[in-house]
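What follows is one structure encoded as structure tokens, with my remarks underneath.
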Amino acid sequence: MELFLLIAIALVILLYRNYKGSNVSKFIIEQVQAVYDKYAPYSFKVVREKTKELGKEYTAKDYVVQVLIMGGFTAVVTYLYFYNVIVSLIYILVVIAFVPYLDFLRCKRIYSEFVFEQVQVYTTNTIMEFATTQSFVKSLEGVVSSGILEEPILSDVNRMIEMAYQNGSIDESLEFMNEKYPYFIVKNMHQLFLQITKEGARDTGESLENMQLDIDMLVESVYRDRIDRATFHRKFLQYGIMLYLLVMLTQYLLGRESYIALVENILVKIILHAIIIVNSYFLLKGEKYYNENVGVE
């Protein structure tokens, strides 16, 4: 443990001496950003860029606050568990290392919500355009020219139009969009348009109106589910935090001196580490569940 601390201190001193005239933290951020740009998956980059465009990316201040809160809470909890500064420091470093992953999950949720909203715009306006043009391709062109779609949906709809003109049919275009956005509202709307195109139905007004009502009901249920998930998420975090603090109850029952003596037992230490790791895994899985698959019916 002491060797690890000495190495960390030496690295900080070397950085300071080599970059004395510049901001050391800025240098570290630039190096991390360079590694991220080189190795991060493309989907992560797209998600992060869209979060920036929406103005919902964390600022440096937000990251600092998050690190301080998580690091401070970890310091208090782990010290109360083990009364060992070195152990607390290791846990603090591990927790801080998870901050980028938590931010990634948050960005995925924001991106997923945005995509679902764009899918809603795409389906609703395509139905409205089709009611006028009675042509699926012309409907897509009308939606694109209206300027209401944003990336990545806009590029994908343009791709659908190109494929329809190249192939002389809409089959491949619909299959492409269904695979890219596997939402029920997309698949059901495409299936309806495919039936109308293939069967040449004359009176499509009622079918389109029913489809629009289905989309409105589905969107309402998704937004209601989003509110319920946010409420559950707050309660879930409160419950997880309380589990960490059960050690305070144990110390109250045993007495601080008796507890410290008990912690010297290697088996007790293993159990305490297991409690922290299992509870942390439980919270991390909950965060992953909350931030993923938003908007999927």
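Note that these values count all heavy atoms, side chains included, but never hydrogens, waters or copies made by symmetry. Throughout, numbering of the chain's residues begins at 1 and tracks the sequence.
Two residues are said to be in side-chain contact when any heavy atoms from C-beta on lie closer than 4.5 Å; Asp156 and Tyr122 fail this criterion. Contact check for Phe282 versus Ile277: no side-chain heavy atoms found under the 4.5 Å cut-off. The shortest side-chain heavy-atom distance between Leu283 and Phe236 falls under the 4.5 Å cut-off. Put simply, the side chain of Tyr63 does not reach to within 4.5 Å of the side chain of Pro100, judged on heavy atoms. Asn178 is not listed as a side-chain neighbour of Tyr183, based on a closest heavy-atom distance of 4.5 Å or more. The closest side-chain heavy-atom distance from Ile127 to Phe193 is below 4.5 Å. By the 4.5 Å heavy-atom criterion applied to side chains, Met189 and Leu192 are not counted as neighbours. The side-chain heavy atoms of His190 and Val186, taken from C-beta on, include a pair separated by under 4.5 Å.
Taken from OH in Tyr83 to CZ in Arg256, the straight-line distance is 4.5 Å, to the nearest 0.5 Å. Summarising the geometry, atom CG belonging to Leu246 is positioned 8.5 Å from atom CG belonging to Asn279; distances are rounded to the nearest 0.5 Å. Between the OG1 atom of Thr126 and the CE atom of Met177 there is a distance of 8.0 Å, given to the nearest 0.5 Å. Atom CG in Leu154 sits 8.5 Å away from atom CD in Gln118 (nearest 0.5 Å). Note that CG of Leu243 is 12.0 Å distant from CD of Gln238, once rounded to the nearest 0.5 Å. Summarising the geometry, atom CG belonging to Leu272 is positioned 11.5 Å from atom CG belonging to Leu80; distances are rounded to the nearest 0.5 Å.
The closest side-chain donor-acceptor pair between Asp62 and Thr59 falls under 3.5 angstrom. Between the side chains of Ser280 and Tyr244, at least one donor-acceptor pair of N or O atoms lies under 3.5 Å. Side chains of Glu129 and Thr133: no donor on one and acceptor on the other come within 3.5 Å.
Aromatic ring orientation, Tyr290 versus His233: parallel (interplanar angle below 30°, classes split at 30° and 60°).
Hydrophobic clustering, with ILVMFWY side chains joined whenever heavy atoms are under 4.5 angstrom apart, keeps Tyr281 apart from Leu105. The hydrophobic clustering, which links ILVMFWY residues whose side-chain heavy atoms are closer than 4.5 Å, places Val77 and Leu237 together. By the criterion of side-chain heavy atoms lying less than 4.5 angstrom apart, applied directly or through intervening Ile, Leu, Val, Met, Phe, Trp or Tyr residues, Leu149 is grouped together with Leu54 in one hydrophobic cluster. One hydrophobic cluster holds both Val99 and Tyr101 under the rule that ILVMFWY side chains link at heavy-atom gaps under 4.5 Å. One hydrophobic cluster holds both Ile271 and Leu245 under the rule that ILVMFWY side chains link at heavy-atom gaps under 4.5 Å.
Within the structure, no pair that satisfies the ring-ring contact (aromatic ring centres under 6.0 Å, His included) test touches residues 140-182, not counting sequence neighbours.
Checking side-chain atoms of Glu141 against main-chain N and O of Asn158 turns up no donor-acceptor pair under 3.5 Å. Here the side chain of Thr123 pairs a donor or acceptor atom with the backbone of Gln120 at under 3.5 angstrom. Looking only at distances, a side-chain donor or acceptor of Asn265 sits under 3.5 Å from a matching main-chain atom of Leu267. Side chain of Lys50 to backbone of Glu151: a donor-acceptor contact under 3.5 angstrom is found.
Annotation for Ser88 and Thr78: closest pair OG-OG1, 3.0 Å, computed over non-hydrogen atoms. When every heavy atom of Ser173 is checked against every heavy atom of Ala164, the shortest pair comes out as OG-N, 3.2 Å. Smallest separation of non-hydrogen atoms from Val119 and Ile185: CG1-CD1, 3.7 Å.
For Glu162, the salt bridge (charged side-chain N to carboxylate O under 4.0 Å, His left out) criterion is met by Arg159, not counting sequence neighbours. A search for side chain to side chain contact (heavy atoms under 4.5 Å, CB included) contacts involving Ile148 returns Val121, Asn125, Val143, Ser146, not counting sequence neighbours. Looking at residues two or more places apart in sequence or on another chain, you find no ring-ring contact (aromatic ring centres under 6.0 Å, His included) involving Tyr111. Residues passing the salt bridge (charged side-chain N to carboxylate O under 4.0 Å, His left out) test with Lys187, sequence neighbours excluded: none. Residues passing the salt bridge (charged side-chain N to carboxylate O under 4.0 Å, His left out) test with Glu172, sequence neighbours excluded: none.
Aromatic rings of Phe136 and Phe130 (six-membered ring for Trp) have centroids beyond the 6.0 Å cut-off, not under it. No close placement of the Tyr91 and Phe73 rings is indicated, their centers lying 6.0 Å or farther apart. Within the 6.0 Å centre-distance limit, the rings of Phe82 and His273 are counted as a close aromatic pair.
A salt bridge links Glu113 to Arg226: one of the charged nitrogens lies within less than 4.0 Å of a carboxylate oxygen.
Atom CZ of Phe98 has 12 or fewer neighbouring heavy atoms from other residues, nucleotides or ligands inside a 6.0 Å radius. More than 12 heavy atoms of other residues, nucleotides or ligands sit less than 6.0 Å from atom CE of Met70.
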For this session: Kindly indicate, with the supporting measurements, whether the criterion side chain to side chain contact (heavy atoms under 4.5 Å, CB included) is fulfilled by Tyr58 and Thr51.
Result: CA-CA 9 Å; Tyr58 273 169; Thr51 306; over 6 Å; no
Exercise. When you look at Arg106 and Lys56, which way does the side chain to side chain contact (heavy atoms under 4.5 Å, CB included) test go after all the steps?
Worked result: CA-CA 10 Å; Arg106 174 181 168 274; Lys56 296 183 178 180; 4.2 Å; yes
Exercise. Should Glu287 and Asn291 be marked as a side chain to side chain contact (heavy atoms under 4.5 Å, CB included) after you check the CA-CA gap, both sets of side-chain angles, and the distance that decides it?
Worked result: CA-CA 6 Å; Glu287 283 294 306; Asn291 288 288; 3.6 Å; yes
Problem set entry | Test side chain to side chain contact (heavy atoms under 4.5 Å, CB included) applied to Tyr259 and Leu253, step by step | CA-CA 9 Å; Tyr259 177 82; Leu253 295 174; over 6 Å; no
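Taking the ring centre of Tyr289 as origin, the terminal cationic atom of Arg229 falls inside the region bounded by 6.0 Å and 45° from the ring axis.
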